[in-house]
Amino acid sequence: MAGSPAWLLLLALGLCCLGIQGQKHKMTVKFRDSSITHPRLGQRLELVCLTTDDDSGVFWVRLDKDGTLHFIVFISSLLRTTFAGNKGTSERFEATKTGRFYHLVVKSFMPQDEGNYFCLMNSNQMLYFSPGQPAFFPAPTTPAPTTQRGITEKDPCLKTPNPETIKEEELNVFCDIFIWVPLAGACLLLIIALAVTIMLCQRKAYPGTPCRYSSSPRTAALSCRGMDLLAIPFT
């Protein structure tokens, strides 16, 4: 029964054709313990299917996460159970009937038991099915990261120098030296050239005036017509 493609196709068509549900027989599935929202690992989980007709028997099937249907058991109106593989009992499931209530028990709920559980009924060549009852483990929650003062927080005053920052500062100092030293030398040469130019201009302005060079232990001076053109102090 579990491996019959025709039977699985019949179940798939029944699940897709929503108009069939509720035409004559109404079926509902729920957890027997109404306080359960998500099963726990290893829990004994019981589901109950309620029908309006107790003469046709009920099929229990599971639709897994991949969309594959799995036949679990057929419970006849005479309380006879047929599990997958045409077996009368199962190591993983139990099935019973009480009046119009058809019970399915998952002995120890495991990850392979997750899915949507349905009960189906074939009455007068019509297929009726219940809404699915989801049975999944709760989604794992990620704890918020905790910050412990003194362990994860660091003192901003105790920062380790960045090697790249140190290297950049050294390059800046080198660039300053490379730029300012030639510039200072150029300025000095410009001042000397300006002084020589002034002296030559004075000589051209007074061509007949002899220039006199005088020196002392402390200074050396060049004067023309009593005007000091250049005085160089000695230290």
Side-chain angles (χ1 to χ4, degrees), residues 1-23 25-52 57-75 81-122 127-154:
M1 184 179 296
S4 173
W7 170 242
L8 292 179
L9 178 60
L10 181 63
L11 293 181
L13 291 175
L15 291 175
C16 295
C17 300
L18 298 178
I20 297 177
Q21 179 181 353
Q23 290 182 358
H25 302 294
K26 184 177 180 181
M27 306 177 69
T28 58
V29 173
K30 62 181 181 179
F31 295 129
R32 183 174 182 180
D33 185 352
S34 59
S35 64
I36 296 177
T37 56
H38 297 282
R40 300 186 306 273
L41 183 65
Q43 176 184 4
R44 179 181 174 88
L45 183 66
E46 183 172 355
L47 300 98
V48 179
C49 176
L50 173 62
T51 70
T52 56
V58 161
F59 297 88
W60 278 99
V61 294
R62 176 176 62 88
L63 184 67
D64 64 16
K65 296 179 180 179
D66 298 327
T68 303
L69 281 172
H70 299 270
F71 168 76
I72 300 175
V73 64
F74 171 71
I75 308 173
T81 58
T82 304
F83 291 92
N86 200 25
K87 296 180 180 180
T89 60
S90 171
E91 296 180 355
R92 297 171 51 198
F93 303 100
E94 294 177 359
T96 58
K97 176 181 179 296
T98 306
R100 293 183 291 112
F101 293 92
Y102 292 81
H103 303 265
L104 174 67
V105 176
V106 185
K107 296 180 181 179
S108 179
F109 198 87
M110 303 302 289
Q112 62 266 29
D113 297 319
E114 288 186 301
N116 288 284
Y117 286 79
F118 300 85
C119 60
L120 311 175
M121 176 185 295
N122 184 15
L127 186 64
Y128 302 92
F129 60 95
S130 70
Q133 172 60 57
F136 297 94
F137 291 122
T141 57
T142 303
T146 58
T147 302
Q148 298 180 0
R149 184 174 298 274
I151 297 178
T152 58
E153 295 183 356
K154 296 182 179 180

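Side-chain atoms are counted along with the backbone in the values below, which use heavy atoms only and exclude waters and symmetry mates.
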J.: For residues Gln112 and Arg92, determine if any side-chain heavy atom of one lies less than 4.5 Å from a side-chain heavy atom of the other.
T.: yes
J.: Could you grab the distance from atom CZ of Phe136 to atom CG of Asp64, nearest 0.5 Å is fine?
T.: 8.5 Å
J.: Got a second to check how far Phe31's CZ is from Glu46's CD, nearest 0.5 Å?
T.: 11.5 Å
J.: Hey, does Leu120 have a side-chain heavy atom less than 4.5 Å from the side chain of Tyr128?
T.: no
J.: State, to 0.1 Å, how close Gly42 and Ser108 come at their nearest heavy-atom pair, and which atoms those are.
T.: CA-OG, 3.4 Å
J.: Return the CG to CZ distance between Leu47 and Arg32, rounded to the nearest 0.5 Å.
T.: 11.5 Å
J.: In the structure I gave you, are the side-chain heavy atoms of Phe93 and Val73 within less than 4.5 Å of one another anywhere?
T.: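 No; the side chains remain at least 4.5 Å from each other.
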J.: If we check side-chain contact (heavy atoms from CB on, under 4.5 Å) with Gln43, which of these qualifies: Asp113, Asp33, Ile36?
T.: Ile36
J.: List the atom of Glu94, the atom of Lys107, and the distance in Å for their closest heavy-atom pair.
T.: CG-CE, 3.4 Å
J.: Could you tell me which non-hydrogen atom of Cys49 sits nearest to which non-hydrogen atom of Val58, and how far apart they are?
T.: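 Scanning both residues completely, I find the closest heavy atoms to be SG-CG1, 4.3 Å.
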J.: Could you measure the distance from the CE atom of Met110 to the CG atom of Leu45? Nearest 0.5 Å is fine.
T.: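 If we round to the nearest 0.5 Å, Met110:CE and Leu45:CG are 13.5 Å apart.
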J.: What pair of heavy atoms forms the shortest contact from Thr51 to Arg100, and how long is it?
T.: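 Taking Thr51 first and Arg100 second, the nearest heavy atoms are O-NH1, 2.8 Å.
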J.: Could you state the interatomic distance from NZ (Lys87) to OG1 (Thr82), rounded to the nearest 0.5 Å?
T.: 13.0 Å
J.: Which heavy atom in Tyr102 sits nearest to a heavy atom in Lys97, and how many Å separate them?
T.: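 Closest pair (atom of Tyr102, atom of Lys97, distance): OH-CE, 3.0 Å.
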J.: Compare every heavy atom of Pro131 with every heavy atom of Val29, then report the nearest pair and how far apart it is.
T.: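 Closest pair (atom of Val29, atom of Pro131, distance): CB-O, 4.1 Å.
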J.: Can you say whether the rings of Phe109 and Phe137 are parallel (under 30°), tilted (30 to 60°) or perpendicular (over 60°)?
T.: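 Rings of Phe109 and Phe137: perpendicular, as their planes differ by over 60°.
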J.: Hey, what do you get for CG (Asn86) to CZ (Phe74), rounding to the nearest 0.5 Å?
T.: 12.0 Å
J.: Do Pro111 and Leu41 have side chains that approach each other closer than 4.5 Å (heavy atoms only, starting at C-beta)?
T.: yes
